[in-house]
**Student:** 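Questions regarding the structure given below will be posed in turn.
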Amino acid sequence: MSNMLVQRPTTRASAPKPQSILIVGCGIAGPVLASLLLRFPGPASSLPHITILERNPSLTSSGQNIDIRGIGKQIIGLLDLEDEIKRSTTGEEGVRFVDENNCCWAEFAVDKSGKVETGTSDVEILRGRLAEILLDKTKRDSKDVQDRGGKGVEFIFEDSLMSLRQDEKKAHVQLADGGERSFDLVVGADGLHSRTRKLAFRNEAEGCLKKLHMFAAFFSMPKEDEDGEWRSWFHAPGGISIMLRPSGTKEKSTVLVLLADKTGIIADQLAGSERSVSAQKKLVMSKLNRIGWQEQRLTKAVETADDFYFDVTAQVNLTKWSHGRVVLLGDAGYCASPFSGMGTTLALAGAYHLAGSLVNNPSSHSQAFEAYEEAMHPLVANAQKLPPAMPHLIHPQSTWGVWVLRILVAAIYWSGVGTLLFKWKGPPASAVKLKEYGLLDEKGE
Ligand SMILES: Cc1cc2nc3c(=O)[nH]c(=O)nc-3n(C[C@H](O)[C@H](O)[C@H](O)COP(=O)(O)OP(=O)(O)OC[C@H]3O[C@@H](n4cnc5c(N)ncnc54)[C@H](O)[C@@H]3O)c2cc1C
């Protein structure tokens, strides 16, 4: 796999002067960027000094089910993580549209060859598990560089960015614990609500969050025999849908509750208490009331969940992803929303292109950032183009609308046009080919 992506360069790019790079966020994009930056050609002592700052105390192996597609899988191959990730997948067999009696109206199986991007990818994994694998990989790469005389990666957990200012020479940051540090470059890989973006882009970032008027709640619950290995997708009137999915373990199933909020009532209800988990849980439990499918089980699971997560769904639309010495990566710069099925793939591709652009432009971060933006724009534009039905047409308000939706998906299933539809409008994970940068697939001593 890695040979497909990386050709050994015939001439090596000249190694840049070691740069100090702060990566804010140790989710998906952050650790991948660090690992790829440690592949700069040249001796270990010439590699960048990387610091990763993560606000959480540690990573948990749970989190929502996410998928890796197309070029995202190529990058995983480049990192030699294919086997480990395949061993950690959730094993989801496909998606079933079910009704109140758990009757299946239509089912769309995963394409295990990975050639057709159906709703279920052949690589489905819990976000936390993926983040854990990526962090372990970065730690191994860092140790390897340190053993060869380089600085490797410094990890700072349980701290976050408080302020950021730049001058001609450096970007200066202040951390929540009071520490002050200066770096050549700062990469904001801190997700949808990125503080790096707010601090560096200020007014330019205002209004960049395009809300999709849909909230998402995620949690897990003890698995029951009938849960099986398929994703069950249930729709209820009021713009509610629930996905019950395998977690890859015998112990638990995962749940995603999607709540349409076209009129802004949920946003109003939560106003002022957006960050209160108990207010969020209360709201979700009220929506589950009388849906007629697994109601008691789901309500109890919300009440007791210790991994409950709730957020607005949105896209990030910015015309530029860099500002001086600061650059945005992954959801922070170009979140495409969970409905794109492309968030993880964009985070991986972004890390690859940013690392490659820095290798190719060792003496100018501005040129490197321009090259990164140029390489990523077509992919992001493709990913952010949601199919016309996403997300509100598949979240009907009325009982009648739910019936029409079920009849429609059944018609797609029975007519056999599902594969054609996925080929036409499936996530565009291979629509843009990866550019070659000559990042080494082995240590560059
Ligand atoms: C419900 C749901 C379902 C999804 N399903 C899919 C899917 O099927 N397929 C798919 O491809 N994508 C999916 N996604 C999207 C995917 O999870 C993200 O696109 C992906 O995780 C983005 O990676 P990232 O590294 O950019 O950001 P994140 O994974 O969000 O990581 C950001 C990191 O930054 C840290 N951080 C935040 N602020 C600070 C701060 N101030 N200081 C320090 N650290 C900070 C956070 O703790 C986090 O660790 C889904 C998302 C959601 C919410």
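Just follow the structure's listing: the first ligand is 1, and inside any ligand the first atom is 1.
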**Student:** Would a 4.5 Å heavy-atom cut-off, applied to side chains only, mark L192 and D311 as touching?
**Tutor:** yes
**Student:** If you measure from CD1 on I71 to CG on L346, what distance do you get to the nearest 0.5 Å?
**Tutor:** 7.5 Å
**Student:** Using a 4.5 Å cut-off on heavy atoms from C-beta on, say whether the side chain of L37 contacts that of L354.
**Tutor:** no
**Student:** Considering the heavy atoms of M342, write down every atom of ligand 1 situated less than 4.0 Å from one of them.
**Tutor:** 11 (O)
**Student:** Do S340 and Q384 meet the criterion of a side-chain donor-acceptor pair at a distance under 3.5 Å?
**Tutor:** no
**Student:** Is there a nitrogen or oxygen of T344 sitting under 3.5 Å from a nitrogen or oxygen of ligand 1?
**Tutor:** yes
**Student:** Evaluating non-hydrogen atoms only, which member of D67, I28, V312 is closest to atom 21 (O) of ligand 1?
**Tutor:** I28
**Student:** Around atom NZ of K198, are there more than 12 heavy atoms from other residues, nucleotides or ligands closer than 6.0 Å?
**Tutor:** yes
**Student:** List ligand 1 atoms under 4.0 Å from L256, heavy atoms only on the residue side.
**Tutor:** 1 (C)
**Student:** Using a 4.0 Å heavy-atom cut-off, which part of R127 comes near ligand 1: side chain, backbone, both, or neither?
**Tutor:** side chain
**Student:** For ligand 1, which atoms have a heavy atom of L53 less than 4.0 angstrom away?
**Tutor:** 43 (C), 44 (N)
**Student:** Who passes salt bridge (charged side-chain N to carboxylate O under 4.0 Å, His left out) against K262, sequence neighbours left out?
**Tutor:** none
**Student:** Quick check on L346 - does any of its heavy atoms sit under 4.0 Å from an atom of ligand 1?
**Tutor:** no
**Student:** Which of the atoms of ligand 1 are close to A29, meaning less than 4.0 Å from one of its heavy atoms?
**Tutor:** 25 (O)
**Student:** According to side-chain contact (heavy atoms from CB on, under 4.5 Å), who are the partners of A171, at least two apart in sequence or on a separate chain?
**Tutor:** L164, Q166, V186, R325
**Student:** Please determine whether any non-hydrogen atom of D311 lies less than 4.0 Å from an atom of ligand 1.
**Tutor:** no
**Student:** Looking at G330, which atoms of ligand 1 are within less than 4.0 Å of one of its heavy atoms?
**Tutor:** 26 (O)
**Student:** One residue to check: A189. Relative to ligand 1, which of side chain, backbone, both or neither has a non-hydrogen atom less than 4.0 Å away?
**Tutor:** backbone
